[in-house]
> 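First the structure, which I've put down as structure tokens, then a few questions once you've had a look.
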Amino acid sequence: MSTPLVDGLTVSEAAGDDVKKTSRDQREALPGEPICVVCGRYGEYICDQTDSDICSLECKQTLIGRPAETHLPVGHPLPKRLAATDECFYVRDSESPLTSDQTELLRRKLEIHVKGDSVPDPILSFSSCNLPEKLLHNIQTLGYDMPTPIQMQGIAAALTGKSLLASADTGSGKTASFLVPVVSRCATFRHGNLSKSKKPLAMVLTPTRELCIQVEEQAKLLGKGLPFKTALVIGGDAMPRQLYRIQQGVELIVGTPGRLIDLLAKHDIELDDIMILVLDEVDCMLQQGFRDQVMQIFRALSQPQVLMYSATMSQEVEKMASSMAKDLIFVSIGQPNRPSKAVKQLAIWVESKQKKQKLFDILMSKQHFLPPSIVYVGSRIGADLLSNAITVTTGLKALSIHGEKSMKERREIMKSFLVGEVPLVVATGVLGRGVDLLGVRQVIVFDMPNCIKEYVHQIGRASRMGEDGTSIVFVNEENRNLFPDLVEVLKSSGAVIPRELVNSRYVKRSFPMGKGQRKRKYGS
Ligand SMILES: Nc1ncnc2c1ncn2[C@@H]1O[C@H](COP(=O)(O)OP(=O)(O)OP(=O)(O)O)[C@@H](O)[C@H]1O
């Protein structure tokens with residue numbers, strides 16, 4: 001039986017089967033699986049006109065619209081991502097504006113979705129948006145040759161002065177997407193107002209000290225040589241020093257909400273010049289726990305531009321963000337709340353009592369332990385106990401990091417981890433979000449967090465800028481609240497779902513075809 005789909009196209013077999021309409025609906029191919037000859041995703045179908053593997057109706061149409069000689073053989077390994085050098089957008093003169101068709105095509109290719117009034121076109125290069133020369137030089141020194149999709153659209157939107165709510169994968173360059181406009185606007189403002197007072201002009205709030213440290217470091221690198229000074233305002237570091245720095249005159253304050261409120265309550269810091277407020281990890285910042293503090297700080301400012309970023313979003317966050325800023329621009333890259341496709345996920349069903357032994361087995365296996373690794377646990381005491389047990393049982397040097405340790409200790413542990421002296425860190429949520437742990441390619445989620453979004457952030461530490469990474473998560477009946485969400489996330493990434501999870505009564509059953517099942521053919 002044939003099921004009509006769109007004009008003139010039918011799909012053989014399976015009435016009601018969910019045939020993927022666009023390439024975006026299709027998942028990435030697993031090793032050994034057929035690859036769509038047009039976009040490189042899972043080639044679930046065969047195009048009957050060309051016998052090539054394709055992933056969706058959209059790619060079938062693209063394929064049959066191509067001249068015959070460009071129909072590539074089945075399984076031809078086309079790049080999965082848009083390769084910058086292959087793409088006409090990048091070889092054109094990037095100073096001349098895109099036509100609206102080109103803008104639409106670019107956004108479609110890069111999965112850039114926008115909502116709002118007068119959203120500017122994405123930038124194609126850092127040099128096309130009037131940034132100060134020194135900032136451009138610093139961007140180059142950091143090795144950023146080309147903006148990533150979130151930077152293309154995010155920087156363009158932020159430079160208009162409008163507020164922005166943006167989501168993009170973990171490790172996709174969101175930090176520079178908000179810092180480049182912050183540095184540019186602050187440095188330009190100071191340049192034109194040299195004699196005036198040096199009250200702070202921008203503020204970045206993040207949920208953890210580690211993330212603040214990292215954001216401030218990157219801000220310093222981007223602002224080098226410009227009238228752009230920064231102050232770090234986090235708990236655990238001496239307050240007088242932080243205060244002194246602000247009083248000397250800084251352009252940017254980076255801090256956690258708690259310490260900032262403390263500082264503001266005890267000292268007279270003038271925030272009336274703040275023109276940009278950034279909420280990094282905005283869904284976390286607007287959650288109970290942080291929300292009241294963030295709103296208290298927001299009310300102390302005089303209607304700044306608000307830039308809000310995260311890899312995960314919710315409708316509630318969208319609503320709150322809309323109430324904080326008028327004329328908001330929404331930007332999202334790919335599908336929000338999905339893990340980075342570059343992280344290969346493995347879910348293992350392990351009963352709680354066996355989790356430690358399973359972890360030791362992994363750590364002692366040359367094949368499965370891929371240091372440097374992070375193990376995520378649910379509690380501070382759990383982090384201490386597990387890191388000790390790992391060292392005693394496996395001989396591996398493991399350290400724990402959590403909120404009860406002093407800032408000095410946390411800094412030292414991070415340093416020895418990042419320089420490779422320690423192959424393994426056992427962490428709580430303090431390292432779960434935002435932290436750019438270059439070199440980490442494996443994450444082991446020992447205790448499933450109590451929200452799927454935190455899981456997405458945690459496994460995101462295993463891949464930066466689309467580099468391959470792996471994650472292992474231990475799951476059992478105790479995590480049943482998350483089963484439906486976890487299955488969705490695993491399914492969307494093409495990961496294998498453990499039998500116990502498949503058969504669980506807490507999961508609604510609707511699974512993709514298993515291997516070995518026949519492929520459907522597109523008829524015409
Ligand atoms: N245009 C670029 N070209 C090359 N590398 C880049 C570019 N932009 C950022 N990077 C690098 O990519 C890495 C990831 O960036 P970043 O930490 O900003 O990701 P993120 O999107 O904020 O991730 P998360 O959601 O996990 O916080 C960093 O090491 C950063 O230096």
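Index from 1, following the sequence. Each ligand, and each atom within it, is numbered from 1 in the order the structure gives.
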> Suppose I only count heavy atoms of Glu281 and a 4.0 Å limit; which atoms of ligand 1 are within that range?
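That gives atoms 27 (O) of ligand 1.
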> Tell me: protein heavy atom nearest atom 23 (O) of ligand 1, and distance?
Gly171 N, 2.7 Å
> If you have a sec, work out which protein heavy atom is nearest atom 30 (C) of ligand 1 and how many Å separate them, to one decimal?
Tyr144 OH, 3.3 Å
> Among Arg108, Lys20, Lys109, whose salt bridge (charged side-chain N to carboxylate O under 4.0 Å, His left out) with Glu58 holds?
Arg108
> Using a strict 4.0 Å cut-off to heavy atoms of Leu438, name the atoms of ligand 1 that fall inside it.
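Per the distance check, 29 (O).
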> Counting only heavy atoms closer than 4.0 Å, does ligand 1 sit against the backbone of Gln151, its side chain, both, or neither?
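Looking at Gln151 and ligand 1, just side chain atoms fall under 4.0 Å.
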> Checking the N or O distance criterion of under 3.5 Å, is ligand 1 in contact with Arg464?
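Between Arg464 and ligand 1 (N or O atoms, distance only) the closest approach is under 3.5 Å.
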> Out of Leu179, Thr175, Leu437, whose heavy atom is nearest to atom 18 (O) of ligand 1?
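Shortest heavy-atom distance from atom 18 (O) of ligand 1: Thr175.
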> Answer yes or no for His457: is there a heavy-atom contact with ligand 1 below 4.0 Å?
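His457: no contact with ligand 1 (<4.0 Å).
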> Does the distance from a Lys or Arg side-chain N to an Asp or Glu carboxylate O, for Glu488 and Lys491, drop under 4.0 Å?
yes
> Does a side-chain heavy-atom distance below 4.5 Å link Leu159 with Ser184?
yes
> Can you tell me which residue and heavy atom of the protein come closest to atom 27 (O) of ligand 1, and the distance to 0.1 Å?
Gly434 CA, 3.0 Å
> Pick one: which of Arg259, Arg411, Arg209 meets side chain to side chain donor-acceptor pair (under 3.5 Å) with Asp237?
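The option that passes is Arg411.
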> May I ask you to say whether Glu412 pairs ionically with Lys405, meaning some side-chain N is under 4.0 Å from a carboxylate O?
no
> Flag this pair as yes if the NZ/CZ of Lys355 is under 6.0 angstrom from the six-membered ring centre of Phe446 and inside a 45 degree cone about the axis; otherwise no.
yes
> Taking N or O atoms only and a 3.5 Å limit, does Met146 qualify as a polar contact for ligand 1?
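Indeed, backbone or side chain, Met146 has an N or O that close.
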